[in-house]
Protein chains: 2
Amino acid sequence: MTTPQLTKNQSLVFDVLEKADGPLSAYTILDKLRDHGFRAPLQVYRALEKLLEYGVVHRLESINSFVACAHPGDDCHSHGIVAFAICESCGQVMEFHDHEVDHRLMAWVRGQKFKPEKTTIEIRGLCEACAA
Amino acid sequence: MTTPQLTKNQSLVFDVLEKADGPLSAYTILDKLRDHGFRAPLQVYRALEKLLEYGVVHRLESINSFVACAHPGDDCHSHGIVAFAICESCGQVMEFHDHEVDHRLMAWVRGQKFKPEKTTIEIRGLCEACAA
DNA sequence: ATCAATTGCGTTATGCTATAACGTGTGCAA
DNA sequence: TTGCACACGTTATAGCATAACGCAATTGAT
Ligand SMILES: [Zn+2]
Ligand SMILES: [Zn+2]
Ligand SMILES: [Zn+2]
Ligand SMILES: [Zn+2]
């Protein structure tokens, strides 16, 4: 997916996520953009919907939050499944990709005649700094 | 984790999940148990909390729902990471375990000095019947 | 037996997450 | 011009989860 020119709202939401040092909830994003005219959750959710579609933002299902893609050069949609390690203490997220994991999971579901559309891999725990 | 005797509420919630043919939300469980005296969400969430702790129920983060463990004989907590294939059309869930995936993910996070606590792997898509 | 700690339970209220539904304006192509 | 697609704004509503309070039953020392 090639990323088209972002609209004003999409740019605002993306900038907030890029500048943040961790994942943000939609309502946190909303609060950060009130000074820029945002008034309602839908303004955030609609922008997020597009940013997710373009692959420049990821949704973290296990914490109902959103994060800017850590590999803006690559195309996360093309290099297979994305996995996240999420620190439950400081909120830091590490994003990574592993073709072997991808291959194993896809082989299994294909064996079940299951047609995969979207895969979530999220590891919650403690980052090095917080585990010390 | 060995499973102690379930309390009345825990048994009611577990029975509902076992008899269901797919994952259920907490509020759906609540509705199914109103005839048995359930009146508030907390009655469901408190039972679920224990059932999750005992490993007899899993939470599906990507759809905010809960499902009875498909491998009641095994101990899902001891045989590594659990993965789910969730049909977005009919709601059917397949649960499986793969040590190779487990090892790859754990090796990666250990390399990052990350201490994993809980891992979510959920593949949404279409089951064989619904993809036809 | 008694006391304290733990656990489960019921209830009310609240907070957080997400979408439905309606209307407006703008740009572009038929 | 007309029709369509798309972004946007607003209000209202739906869906998911927990805080805080009090009470009852259980357990496990002392
Ligand atoms: Zn990415
Ligand atoms: Zn941390
Ligand atoms: Zn299981
Ligand atoms: Zn299906």
Side-chain angles (χ1 to χ4, degrees), chain A residues 1-17 20 22-54 56-67 86 88 91 118 120 122 124, chain B residues 1-17 20 22-54 56-67 86 88 91 118 120 122 124:
Chain A
M1 164 91 46
T2 175
T3 306
Q5 188 63 31
L6 298 184
T7 67
K8 182 163 175 295
N9 283 4
Q10 288 160 19
S11 291
L12 287 167
V13 169
F14 183 66
D15 286 350
V16 165
L17 282 175
L24 300 178
S25 77
Y27 279 73
T28 302
I29 296 170
L30 173 59
D31 286 339
K32 288 180 181 292
L33 288 176
R34 290 202 187 276
D35 293 344
H36 291 79
F38 274 47
R39 311 281 309 162
L42 260 192
Q43 296 174 280
V44 176
Y45 281 109
R46 289 206 273 233
L48 285 172
E49 185 179 25
K50 288 300 182 183
L51 296 171
L52 290 168
E53 181 184 327
Y54 303 152
V56 296
V57 163
H58 298 292
R59 177 195 187 102
L60 302 178
E61 309 275 4
S62 64
I63 58 174
N64 296 318
S65 293
F66 304 85
V67 68
I86 307 167
E88 295 188 290
K118 179 83 176 70
T120 295
E122 296 175 18
R124 267 119 42 237
Chain B
M1 165 88 49
T2 174
T3 307
Q5 188 63 31
L6 298 184
T7 67
K8 183 164 175 292
N9 283 5
Q10 289 162 18
S11 290
L12 286 167
V13 169
F14 183 66
D15 286 351
V16 165
L17 282 175
L24 301 177
S25 77
Y27 278 71
T28 301
I29 296 170
L30 173 59
D31 286 338
K32 288 180 181 293
L33 288 176
R34 289 201 187 277
D35 294 343
H36 290 79
F38 274 48
R39 312 280 310 162
L42 261 191
Q43 295 175 281
V44 176
Y45 282 109
R46 289 205 273 232
L48 285 172
E49 185 179 25
K50 287 301 181 181
L51 296 171
L52 290 168
E53 181 183 327
Y54 303 153
V56 296
V57 163
H58 298 291
R59 177 193 185 102
L60 301 177
E61 309 274 5
S62 65
I63 57 174
N64 295 318
S65 294
F66 304 84
V67 68
I86 306 168
E88 295 189 289
K118 178 82 177 70
T120 296
E122 296 175 17
R124 269 122 36 240

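A, B, ... follow the sequence lines: proteins, then strands. Residue 1 opens every chain. Quick note: numbers below take in every heavy atom, side chains included, and nothing from hydrogens, waters or symmetry partners. Note that the structure is predicted; figures quoted are calculated from it, not measured.
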| For B/Tyr54 and B/Leu6, what are the C-alpha separation, side-chain angles and deciding distance, and is it a side chain to side chain contact (heavy atoms under 4.5 Å, CB included)? | CA-CA 10 Å; B/Tyr54 303 153; B/Leu6 298 184; 3.9 Å; yes
| query | Is there a donor-acceptor pair closer than 3.5 Å between any side-chain N or O of B/Thr28 and the backbone N or O of B/Ala26? | reply | no
| Measuring from A/Phe66:CZ to A/Leu17:CG, what's the distance to the nearest 0.5 Å? | 8.5 Å
| note | In this structure, NZ of B/Lys118 is separated from CD1 of A/Ile86 (nearest 0.5 Å) by 12.0 Å
Listing, residues 7-14 of chain B side-chain donor-acceptor contacts under 3.5 Å, not counting sequence neighbours, or none:
| from | atom 1 | to | atom 2 | distance (Å) |
| --- | --- | --- | --- | --- |
| B/Thr7 | OG1 | B/Gln10 | N | 3.3 |
| B/Thr7 | OG1 | B/Gln10 | NE2 | 3.4 |
| B/Gln10 | OE1 | B/Thr7 | N | 3.2 |
| B/Ser11 | OG | B/Thr7 | O | 3.1 |

| query | For C/dT7, does either OP1 or OP2 sit under 4.0 Å from a side-chain N or O belonging to B/Thr7? | reply | no
Rounded to the Å, how far apart are [X] [atom1] and [N] [atom2]?
X	N	atom1	atom2	value
A/Leu30	C/dT19	CG	P	15 Å
A/Leu24	C/dT17	CG	C1'	15 Å
A/Leu33	D/dC8	CG	P	12 Å
A/Leu6	D/dC6	CG	P	16 Å
B/Lys50	C/dG8	NZ	C1'	9 Å

| remark: B/S/- along nucleotides 9-25 of chain D (protein heavy atoms under 4.0 Å) is BBB----BBBBB-----
Side chains of residues 35-46 of chain A: which donor-acceptor partners sit under 3.5 Å, not counting sequence neighbours?
| from | atom 1 | to | atom 2 | distance (Å) |
| --- | --- | --- | --- | --- |
| A/Gln43 | OE1 | A/Arg39 | N | 2.6 |
| A/Gln43 | OE1 | A/Ala40 | N | 2.9 |

Table of protein N/O atoms under 3.5 Å from nucleotides 24-28 of chain C N/O atoms:
none

| note | To the nearest 10 degrees, the angle between the two end axes of the helix from C/dA1-D/dT30 to C/dA30-D/dT1 (five pairs per end) comes to 30°
Qualifying residues under salt bridge (Lys or Arg N to Asp or Glu O under 4.0 Å), relative to [X], sequence neighbours excluded:
X	value
A/Glu61	A/Arg59, B/Arg124
B/Lys32	none
B/Asp31	B/Arg34

| note | Minimal heavy-atom distance between B/Ile63 and B/Pro23, with the atoms involved, is CD1-CG, 3.8 Å
| field | Listed partners of B/Ser62 passing side chain to side chain donor-acceptor pair (under 3.5 Å), at least two apart | value | B/Glu122
